Amino acid sequence: MKYIEPAPIKDKENPFESMMSRFKIAAQHLGLNEEIYNVLKSPDKQVIINIPITMDDGSIRVFEAYRVIHNNVLGPSKGGVRFDPHVNLDEVKALAAWMTWKCAVVDIPFGGAKGGICCNPREMSSGEIERLTRAYTTSLYDVFGPDTDIPAPDMGTGQREMAWMMDQYSRNSGMTVNGVVTGKPGVLGGSAGRVAATGRGVMVSTLSALEKLKINPYNSTVAVQGFGNVGSHAAQLLVDRGTKVVAISDITGAYYREEGIDITKAIEYRNENRGTLENFDGADKMDDDILTMDVDVLVPAALEDVISMRNADKIKAKLIVEGANGPTSAKADDIIAEKGIVVVPDILANAGGVTVSYFEWVQNRLGYKWTKDRVNRRSDRIMRTSFENVYKTSLKYDVNLRIAAYIVAIDRVGKAYSYRGGF
Ligand code: NAD
């Protein structure tokens, strides 16, 4: 079959090619129909817009922005909006496709999308960010919608931006439409449990994998790269379940304490220290790379492509649980597999966020609110079932968990096409 040629992988991997190389391997194992492969290899829709905004000093700046819908055969497309100076179309395309696979792995009725604005929110005032967010929402009014395409937060965006997007979309519609975005503040229809949901899913995936590896969580050590939403909640919940988090890191560096770090204290410190761990005195600052530490579990929860050809052979953890999207490059996967390290892939490990986003959307449509307990119970169940399903698939096809997760996802999306047809 033509599609089986290996993807061209260069030294610095293009995120879309990295995603495609895994997709190709999984499609091959599954014997995916070539026509469906061709449908899935390109996004359904790619929108590039330029948004002129009046800055606080009176000047006008133009921001390039994107929304990519990879696929919506399983339901309305779902995916975050990233505010970052380096965001580009290839990255957004890869992230949109990952969303398709992620929703399909955990079997929720959403397709995949992603958006981004090339901007540096750290250098912009709140007013400038608000004008940009509202203009982006209005430009994409025909794309967004509770039944078509539902944005959510991603890097550089949070509840505040979601509230503006929801408000702007609602103004343009002449009525309140809270189901158009997820990750909103609770008072606007946000779900209980959404803020910690991704970290919670990382915790559930970690415990499920430790069980398979026959490692007792109470005897295990953990290092977490990134101490933002995903990393800090994952660290806290892992400590609550008995593991010892010995190292954490953020943009300001890495911090180590052999006896285990008091994560509650670290979170308090970060919250009072403008979001960073700079000068955190609850652990020693370390020079070594957190990624290559001798721990049982490594949770990369910051950036893409941090485990690559440069450092893959130095990784010592027995288990990697990918809190971030795309932290391991496709080439590094092979090296890690050779070393016998188990990887719970991003499209499974961090799917707790989109799962609770789905619950938020369901609650908005019902006009009803679930308790935090109910949200947590249901999302834990979905994460555990999805892990077991991917694990069984990995045994059936004799592949690693990443390829198994792609197989599960592509199989579901492919089946939906075979029933819907209509080409
Ligand atoms: P965030 O902005 O809240 O936190 C990012 C953290 O990474 C910060 O602590 C930052 O200081 C740290 N960081 C940045 N550069 C670093 C570096 N070079 N070394 C070490 N740390 C560094 O972001 P987040 O929401 O926690 O997202 C993190 C990752 O998880 C991203 O890849 C995102 O796409 C992914 N993700 C997030 C969610 C979610 O619900 N927030 C869901 C799925 C996936």
Side-chain angles (χ1 to χ4, degrees), residues 15 78-87 91-92 94-96 98-99 101-103 105-106 112 114-116 121-122 151-162 182-184 190-191 193-202 205 223-236 247-255 263 266-267 269-271 273-278 280 285-286 288-293 298-308 311 321-328 344-360 379 383:
K78 186 88 193 77
V81 180
R82 181 170 285 197
F83 284 8
D84 185 84
H86 306 294
V87 76
E91 181 182 56
V92 178
L95 290 163
W98 273 322
M99 286 305 296
W101 313 137
K102 199 182 292 187
C103 295
V105 167
V106 291
K114 204 81 181 186
R122 281 175 298 276
D154 192 69
M155 270 158 64
T157 56
Q159 287 192 344
R160 179 182 72 163
E161 288 73 18
M162 294 308 108
T182 60
K184 301 176 292 290
S191 179
R194 174 61 186 92
V195 176
T198 308
R200 191 174 176 90
V202 168
S205 307
V224 181
Q225 183 196 42
F227 206 66
N229 175 289
V230 181
S232 64
H233 284 108
Q236 177 75 81
I248 54 177
S249 77
D250 73 357
I251 189 87
T252 66
Y255 305 82
I263 299 296
I267 291 174
Y269 182 87
R270 178 206 59 189
N271 292 347
N273 194 40
R274 303 175 70 226
T276 78
L277 291 167
E278 180 130 54
F280 175 55
K285 184 117 190 230
M286 66 179 201
D288 297 348
D289 185 357
I290 192 166
L291 298 168
T292 57
M293 283 183 64
L298 175 64
V299 179
L303 310 167
E304 280 145 40
D305 216 17
V306 289
I307 301 173
S308 67
N311 57 1
V321 184
E322 296 184 335
N325 286 314
T328 311
V344 185
D346 45 11
I347 58 170
L348 172 62
N350 70 36
V354 76
T355 300
V356 177
S357 274
Y358 165 57
F359 294 162
E360 180 171 330
S379 67
M383 290 304 294

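Positions are given from 1 along the sequence. The model shown is predicted, which means the values in this text are computed figures rather than measured ones. Whatever order the structure lists them in is the order used to number ligands and atoms, beginning at 1.
Defined by atom type and a distance below 3.5 Å, a donor-acceptor pair is present between the side-chain atoms of Ser357 and Arg194. Ser379 and Arg200 share no donor-acceptor pair across their side chains, judged by distance under 3.5 Å alone.
At under 3.5 Å, a nitrogen or oxygen of Ile251, whether backbone or side chain, sits near a nitrogen or oxygen of ligand 1. Considering backbone and side-chain atoms together, Ala301 places no N or O closer than 3.5 Å to any N or O of ligand 1. Inclusion of Met155 in the set of residues having an N or O under 3.5 Å from an N or O of ligand 1 is not warranted. Residue Asn229 places at least one N or O, backbone or side chain, under 3.5 Å from an N or O of ligand 1.
At a threshold of 4.5 Å between non-hydrogen side-chain atoms, the residues Asp288 and Met293 do not count as touching.
Neither the backbone nor the side chain of Val306 comes within 4.0 Å of ligand 1, counting heavy atoms alone. Of all the heavy atoms of Pro327, none lies under 4.0 Å from any atom of ligand 1, so neither backbone nor side chain is involved. When heavy-atom distances to ligand 1 are checked against a 4.0 Å cut-off, Val354 has no atom that comes that close, whether in backbone or side chain. Residue-level proximity to ligand 1 for Thr198 is carried by the side chain, the only part with a heavy atom below 4.0 angstrom.
Applying the salt bridge (charged side-chain N to carboxylate O under 4.0 Å, His left out) criterion to Asp346, with sequence neighbours excluded, gives Arg402.
In this structure, Tyr255 OH and Asp250 CG are separated by 5.5 Å, a value rounded to the nearest 0.5 Å. With rounding to the nearest 0.5 Å, the separation of CG in Asn350 from NZ in Lys102 is 3.5 Å. To the nearest 0.5 Å, atoms CD (Glu161) and NZ (Lys184) are separated by 14.5 Å. With values rounded to the nearest 0.5 angstrom, Leu298 atom CG is found 7.5 Å from Ile290 atom CD1.
Side-chain atoms of Arg270 come within 3.5 Å of backbone atoms of Phe227 as a donor-acceptor pair (strictly under, hydrogens ignored). Checking side-chain atoms of Asp84 against main-chain N and O of Gly116 turns up no donor-acceptor pair under 3.5 Å.
Residue Leu303 approaches ligand 1 through these ligand atoms, each under 4.0 Å from one of its heavy atoms: 15 (N), 16 (C), 17 (C), 18 (N). Proximity to Ala324 (heavy-atom distance under 4.0 Å) selects the following atoms of ligand 1: 29 (C), 30 (O), 32 (O), 35 (C). The contact set between ligand 1 and Phe227, taken as ligand atoms under 4.0 Å from a residue heavy atom, comprises 6 (C), 9 (O). Near Asp154, meaning under 4.0 Å from any of its heavy atoms, are these atoms of ligand 1: 34 (O). Taking every non-hydrogen atom of Ala302 and a distance limit under 4.0 Å, the qualifying atoms of ligand 1 come out as 7 (O), 13 (N), 21 (N), 22 (C), 28 (C), 29 (C), 31 (C), 32 (O).
Scanning all protein heavy atoms for the shortest distance to atom 26 (O) of ligand 1 gives Val230 N, 2.9 Å. The protein heavy-atom contact nearest to atom 34 (O) of ligand 1 is Asn325 ND2, 2.9 Å.
Residue-ligand proximity: Gly353 is placed with every non-hydrogen atom at 4.0 Å or more from ligand 1. Ligand 1 is approached by Arg82 to a heavy-atom distance shorter than 4.0 Å. Heavy atoms of Arg194 approach ligand 1 to within less than 4.0 angstrom.
At a distance under 4.0 Å, a protein heavy atom can be found next to atom 21 (N) of ligand 1.
Taking only non-hydrogen atoms, the option from Gly228, Gly323, Ser249 nearest to atom 5 (C) of ligand 1 is Gly228.
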Could you walk me through whether Ile263 and Ile248 satisfy the side chain to side chain contact (heavy atoms under 4.5 Å, CB included) test, starting with their C-alpha distance in whole Å, then the side-chain angles of each, then the deciding distance to 0.1 Å, before giving a yes or no?
CA-CA 9 Å; Ile263 299 296; Ile248 54 177; 4.0 Å; yes
Please report the C-alpha distance between Leu291 and Gln225 in whole Å, then the side-chain angles of each, then the deciding distance to 0.1 Å, and finally whether the side chain to side chain contact (heavy atoms under 4.5 Å, CB included) criterion is met.
CA-CA 7 Å; Leu291 298 168; Gln225 183 196 42; 3.8 Å; yes
